[in-house]
Amino acid sequence: MHQVIESLAAVCSERRAAVTRILGDQAFLLGAGHSRPRNYAANTFRFRAASHFLFLTGLSSPGAHLLISGQHARIFVHPDGPDHALWHGPSPSMSQLATSLGCSVEPMSALPNALQNISHVMMLPAADRRACDEMSSLLGRKVTPGVISTHDLPLAQAMIQARLCHDQAALAQMTAAAELTTRAFAAGMAATAPGKLEWSVRAAMEYPLTACGTVPAYNPIVSVHGEVLHNDRSDNTMRDGDLLLVDFGAESTGGWACDVTRTWPVSGTFSPTQRDLYDVVLAAQRAAIDAVTPGVRYRDVHLQACRTIADGLCQLGILKGDVDGLVEDGVHALFFPHGVGHLLGLDVHDMEDLGDLAGYAPGRSRSEQFGLGYLRLDRDLQPGMVVTIEPGFYQVPAILQNPALTHGAADRLNTDVLERFSDVRGIRLEDDILVTDQGHQNLTQSIPIDPDDIQRAVQQGRVPPTGRSVWKWSLARCPAWPQDPPAADQPLA
Ligand code: GLY
Ligand code: MN
Ligand code: MN
């Protein structure tokens with residue numbers, strides 16, 4: 001099945017030209033990847049083309065390849081078999097594809113010959129073994145998932161240069177993904193109530209995406225155990241007194257990601273201790289977002305969030321001591337162990353298939369310190385980049401009960417005071433921030449984050465809304481499962 005997922009022919013042609021300008025005559029081959037079986041070959045996960053390929057073609061077609069040699073771009077696709085239309089319906093012919101893609105389209109059988117006439121072809125390894133094996137046999141050299149050879153480094157660097165700062169078409173997609181994500185959060189907050197399973201909130205949030213033909217950009221986290229950082233099960237029953245942490249982002253129909261986290265009280269009202277720690281995380285998020293501006297080193301944005309968390313925890317009496325010293329010694333990381341964010345684009349952690357090549361500027365590498373070492377991005381910010389800002393506070397038993405990690409805090413950690421905050425397991429607040437010429441723009445600011453607005457949004461799901469709605473549109477227009485589908489006149493993503 002070949003699907004031109006957006007009419008992006010002109011944009012993709014410009015993107016290919018930009019990469020070609022960097023690489024000159026050096027040829028390269030990129031694969032779309034394959035549908036992956038769930039259990040047996042004919043029962044597959046939904047296909048999603050590899051991001052480098054998608055970026056330069058706008059085509060979603062399993063097994064397709066893009067070969068660029070100098071000024072000449074050629075796309076190779078698997079022609080549909082004779083019974084394809086029977087099982088999957090008709091799909092565009094090669095000449096129709098060539099017209100919509102603005103690029104020559106040929107059958108895959110022509111690719112080996114095309115490669116024979118080129119002496120040196122770069123490629124980027126796919127994340128899966130099957131696509132790497134296919135690339136190995138096409139190019140006659142070993143290709144391993146996740147391993148970029150020095151031979152292929154110029155292509156990796158050219159793709160990073162092309163994808164680091166987003167063009168207008170990409171930003172339109174990310175804005176659409178953000179709007180859809182906003183609808184999902186409206187539905188999720190309204191669906192939260194004590195006694196229900198976390199799954200029911202997740203179902204409510206996925207409904208507006210499914211209703212628009214798209215999917216989450218990554219495995220959502222919907223959990224009252226927010227301290228489990230990548231918790232993708234939602235089996236718990238939500239109880240009065242729990243905080244629900246939801247990390248959820250839509251993928252636009254063109255394949256671009258959104259990535260947002262909010263944390264809200266299941267009861268609709270924060271306890272005083274929850275509210276205190278929520279305010280600390282919110283202050284850290286606001287301070288870090290305020291720091292986002294061109295030329296600033298992202299690691300300094302992270303450190304700004306760390307200092308604000310450390311300062312807030314000192315004010316609550318959980319930590320003691322000099323804020324800079326606490327951050328320098330990594331004491332704050334007992335509660336905020338991960339980095340403040342990452343690049344966002346076609347991938348939720350954009351271009352992480354290239355390891356740290358995209359996230360870390362040349363000459364920079366990961367710290368060995370616990371906490372800082374998990375920072376995924378250490379570049380100077382440039383207009384057009386989109387980054388997430390997502391500080392958090394967590395009580396992770398595996399950290400707080402590990403003397404190797406806590407001994408550096410010594411008497412600067414007050415466990416007696418900490419015990420009073422036992423109704424907070426995890427809080428994270430995450431938004432997607434575009435770096436602009438003047439500073440920044442928050443792409444996901446319509447999702448409530450102020451604690452009073454959060455409470456109102458959760459409470460509005462239970463009783464008829466009165467007074468000001470926290471949403472830009474009324475909840476009646478939001479396709480909250482299982483009610484209204486999105487209106488046909490509301491184009492999405
Ligand atoms: N949703 C993954 C992350 O926030 O990094
Ligand atoms: Mn996230
Ligand atoms: Mn994130």
Side-chain angles (χ1 to χ4, degrees), residues 48 51 127 164 166 174 177-178 180-182 184-185 188-189 198 201-202 205-206 209 214-223 225-234 243-252 255-264 281-282 284-285 288-289 292 298-299 301-302 305-306 309 333 336-356 358-360 366 371-379 381 385-394 396 426-435 440 442-445 447-449:
R48 200 271 192 192
S51 294
L164 206 50
H166 299 297
M174 294 175 87
L180 199 41
T181 303
T182 307
F185 272 90
M189 288 181 193
E198 297 160 342
V201 173
R202 182 160 161 182
M205 295 187 74
E206 291 197 20
L209 278 57
T214 188
V215 290
Y218 54 90
N219 278 337
I221 299 165
V222 180
S223 181
H225 281 282
E227 79 281 12
V228 182
L229 294 185
H230 284 174
N231 188 354
D232 65 359
R233 301 285 310 170
S234 293
L243 287 178
L244 185 70
L245 185 151
V246 175
D247 187 336
F248 186 100
E251 182 171 280
S252 72
W256 297 78
C258 185
D259 182 14
V260 171
T261 308
R262 293 290 185 265
T263 308
W264 61 82
V281 177
L282 183 57
Q285 208 234 14
I289 292 175
V292 171
Y298 188 77
R299 196 176 76 139
V301 176
H302 170 76
C306 298
I309 295 270
F336 171 34
H338 57 75
V340 79
H342 48 84
L343 293 168
L344 185 71
L346 277 164
D347 309 318
V348 64
H349 291 175
D350 209 29
M351 296 183 277
E352 228 171 73
D353 61 311
L354 305 175
D356 278 343
Y360 275 67
R366 292 208 184 209
L372 193 53
Y374 292 123
L375 185 61
R376 297 173 183 279
L377 175 60
D378 187 8
R379 281 186 176 266
L381 297 173
M385 283 181 175
V386 177
V387 298
T388 67
I389 296 291
E390 50 179 304
F393 170 93
Y394 315 89
V396 184
I427 296 173
R428 178 164 64 258
L429 299 173
E430 174 174 27
D431 279 302
D432 301 345
I433 311 298
L434 166 67
V435 185
H440 61 262
N442 185 342
L443 300 179
T444 48
Q445 66 185 356
I447 303 173
I449 195 164

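Values below: every heavy atom of this structure, side chains too, minus hydrogens, waters and symmetry copies. Each ligand, and each atom within it, is numbered from 1 in the order the structure gives.
Within the 2.8 Å limit, H349 places no N, O or S atom next to the Mn ion (ligand 3).
The closest protein non-hydrogen atom to atom 5 (O) of ligand 1 is H349 NE2, 2.6 Å. Counting protein heavy atoms only, atom 4 (O) of ligand 1 is closest to E390 OE1, 3.0 Å.
With R428 contributing its side chain and P391 its backbone, the two residues share no donor-acceptor pair below 3.5 Å.
The distance from ligand 1 to the heavy atoms of H342 drops below 4.0 Å at these ligand atoms: 3 (C), 4 (O), 5 (O). Listed by number with element, the atoms of ligand 1 under 4.0 angstrom from any heavy atom of E430 are 4 (O). Set against the non-hydrogen atoms of D247, the atoms of ligand 1 under 4.0 Å away are 1 (N), 2 (C), 3 (C), 4 (O). Listed by number with element, the atoms of ligand 1 under 4.0 angstrom from any heavy atom of Y218 are 1 (N).
Counting heavy atoms from C-beta on, the side chains of Y298 and V340 come closer than 4.5 Å. Using a 4.5 Å heavy-atom cutoff, the side chains of F185 and R262 are in contact.
Between the side chains of S223 and N231, at least one donor N or O lies within less than 3.5 Å of an accepting N or O. Between the side chains of D431 and Q285, a donor-acceptor pair is found at a separation under 3.5 Å.
As for D259, its N/O/S atom nearest the Mn ion (ligand 2) is the one called OD1. Among the heteroatoms counted here (N, O or S) of E390, OE2 is the one nearest to the Mn ion (ligand 3). Shortest distance from the Mn ion (ligand 3) to H342 is reached at NE2 (N/O/S atoms only).
Polar contact check, R428 against ligand 1: no nitrogen or oxygen pair lies under 3.5 Å apart.
Aromatic pair H342/Y374: ring centres not closer than 6.0 Å.
Under 4.0 Å is where a charged nitrogen must lie from a carboxylate oxygen, and between R376 and D350 no such pair does.
Computed with the Mn ion (ligand 2) at the centre, the D247 OD1 to E430 OE1 angle is 100°, stated to 10 degrees.
Other residues, nucleotides and ligands contribute more than 12 heavy atoms inside 6.0 Å of the OH atom of Y218.
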